[in-house]
Amino acid sequence: MKILLVGGGGREHAIAWAVAKSPRCDKLYAAPGNAGIAELAECVDISVMDAPSLVKFAKEKEIDFVIVAPDDPLAAGVADAFLDEGIRTFGPRKNAAIIEASKAFSKDLMKKYDIPSAAYETFTDPDEALKYLETQDAPYVLKADGLALGKGVLICQDLDEAKEGIKEIMIDKKFGDAGNKLVIEEFMTGREVSVLCFSDGKTILPMTSAQDHKRAGDGDTGLNTGGMGTFSPSPFYTDEVAKFCEENVYQRTIDAMAAEGRPFKGVLFCGLMLTPKGPKVLEFNARFGDPEAQVVIPRLKNDIVEVMEACADGTLDKIDLQFEDNAAVCVMLASDGYPVSYKKGFEIRGLENFKDKDGYYVFHSGTKFADTEDGKKVVTNGGRVLGVVALGDDLLEARANAYKATELIDFDNKYMRHDIGKAIDEQ
Ligand code: AMP
Ligand code: GLY
């Protein structure tokens with residue numbers, strides 16, 4: 001088949017790596033792709049949001065199967081644009097991607113269908129939100145309703161901070177229209193675990209678990225980022241927790257979406273918190289996580305294209321989803337200063353060290369090709385630059401391997417956290 005992958009980050013590089021090794025794939029295109037994906041696919045310079053150009057390209061090239069990976073195009077209906085033209089596509093329609101794109105929608109869905117989550121109220125009027133806050137105890141959890149690059153959640157330690165937060169989100173519109181509605185949620189405590197699930201709208205198959213490190217600095221300090229590293233599996237996702245979530249979260253959510261006339265086909269990302277009162281849903285995403293995909297996909301035994309086709313075709317009940325009995329750790333190499341301000345355009349050295357190195361991967365997040373005096377070079381082109389991933393028999397070995405592998409790569413202003421997977425030591 002000819003396959004088109006829409007996206008251009010580390011998650012898409014991991015997907016492209018798995019798709020390119022599938023016997024089902026004869027030719028892979030990526031729009032827009034990046035310097036790493038370019039080794040596996042022909043990259044075409046079309047924006048992920050430009051549905052008309054993407055569809056035109058797919059028709060011209062007679063693409064058989066499309067994978068839409070990032071959140072923004074899914075929320076904007078880019079999967080619909082392909083599906084409406086009769087092109088087989090992996091990724092939810094807009095009316096199902098709303099489970100990520102509107103926190104108010106997902107909270108209402110969970111309440112209606114008895115899916116465990118934090119208590120909440122939704123507001124469109126900042127004065128009403130302020131009045132409600134005064135009846136609640138700290139800490140306060142404020143969530144902008146819409147997509148905000150994973151930064152639309154504020155945890156406020158006192159009332160003054162929370163009042164300022166309401167102003168930022170609803171009045172100053174720090175996250176744009178995402179702040180037209182506000183969800184105020186009960187504060188919960190516990191370990192966080194991410195479970196990504198394949199679904200065809202009826203059947204849901206959970207993948208192996210993972211955990212992200214969202215804060216920029218060691219010891220979970222500093223600002224929230226898109227994710228500074230991940231490990232998989234999570235030792236805290238026990239058989240008992242898995243059983244609870246299978247009974248109370250995954251299937252129930254897919255059935256709820258179908259009952260609402262919004263069948264969900266694609267990857268449902270369940271962000272869970274393991275609270276003293278049992279697992280509860282923090283959030284749903286309508287896609288693979290980034291950098292969760294970078295540790296989950298290398299452990300997948302199945303042909304990813306076959307699984308994605310089954311999601312699109314409604315035949316996921318025929319798939320026996322399997323993961324290796326090993327572990328993976330991803331350490332993000334970022335540009336110093338991320339997520340606030342940082343310089344780009346520095347040459348990246350050492351990428352060749354990962355060629356044919358079994359059990360080691362370097363997935364590009366923010367890179368591009370640049371012409372230099374010595375020819376074409378790969379340079380830094382974003383806050384998060386590369387995800388260095390290593391496998392191991394267990395998490396400790398995977399972590400040691402991943403940190404050793406970070407030394408193989410060098411660029412000016414290289415920054416990383418040194419405690420990715422540290423929670424494992426507490427086991
Ligand atoms: P979300 O984008 O909804 O997953 O929120 C981002 C992060 O904020 C989560 O990964 C949690 O660390 C934290 N968070 C979100 N909701 C809550 C909550 N109700 N109680 C405590 N922490 C939360
Ligand atoms: N790593 C979190 C996300 O992709 O939303």
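Bear in mind that the values here come from a model prediction, so they are computed numbers and not experimental data. Each ligand, and each atom within it, is numbered from 1 in the order the structure gives. Counting begins at 1 with the first residue of the sequence.
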Closest heavy-atom pair and its distance - Phe354, Ala405: CZ-O, 3.6 Å

Should you measure from each heavy atom of Lys103, which atoms of ligand 1 turn up under 4.0 Å away? 1 (P), 2 (O), 3 (O)

Using a 3.5 Å cut-off on N or O atoms only, is Asp212 in polar contact with ligand 2? yes

Compute whether any side-chain donor of one residue and acceptor of the other, for Ser47 and Asp50, lie under 3.5 angstrom apart. no

At under 4.0 Å between heavy atoms, is it the side chain or the backbone of Val153 that contacts ligand 1, or both, or neither? side chain

Hey, is ligand 2 close enough to Arg287 that some N/O pair sits below 3.5 Å? yes

Taking every non-hydrogen atom, the tightest pair across Leu316 and Phe198: CD2-O, 3.4 Å

Ring-plane angle category for His13 and His364, please: parallel below 30°, perpendicular beyond 60°, tilted otherwise. perpendicular

Sub-4.0 Å atoms of ligand 2 with respect to non-hydrogen atoms of Gly226: 1 (N)

Relative to ligand 1, is Glu192 under 4.0 angstrom through side chain, backbone, both or neither, heavy atoms considered? side chain

Can the ring centroids of His213 and Phe231 be said to lie less than 6.0 angstrom from one another? yes

Using only heavy-atom distances, determine whether the side chains of Lys107 and Ser117 contain a donor-acceptor pair under 3.5 Å. yes

Is the Tyr403 ring parallel, tilted or perpendicular to the His418 ring (thresholds 30°, 60°)? parallel

Checking heavy atoms under 4.0 Å, the part of Glu292 that sits near ligand 2 is side chain

Looking only at distances, can you tell me whether any N or O atom of Asp290, backbone or side chain, sits closer than 3.5 Å to an N or O atom of ligand 2? yes

Under 4.0 Å from a heavy atom of Asn285: give me the atoms of ligand 2 that qualify, with their elements. 5 (O)

Is there a side-chain contact between Lys181 and Met170, using heavy atoms and a 4.5 Å cut-off? no

Which of the atoms in ligand 2, numbered in the order shown and given with their element, are less than 4.0 Å from a heavy-atom of Gly289? 4 (O)

Looking only at heavy atoms, is any part of Ile155 under 4.0 Å from ligand 1, and if so is it the side chain, the backbone, or both, or is it neither? side chain

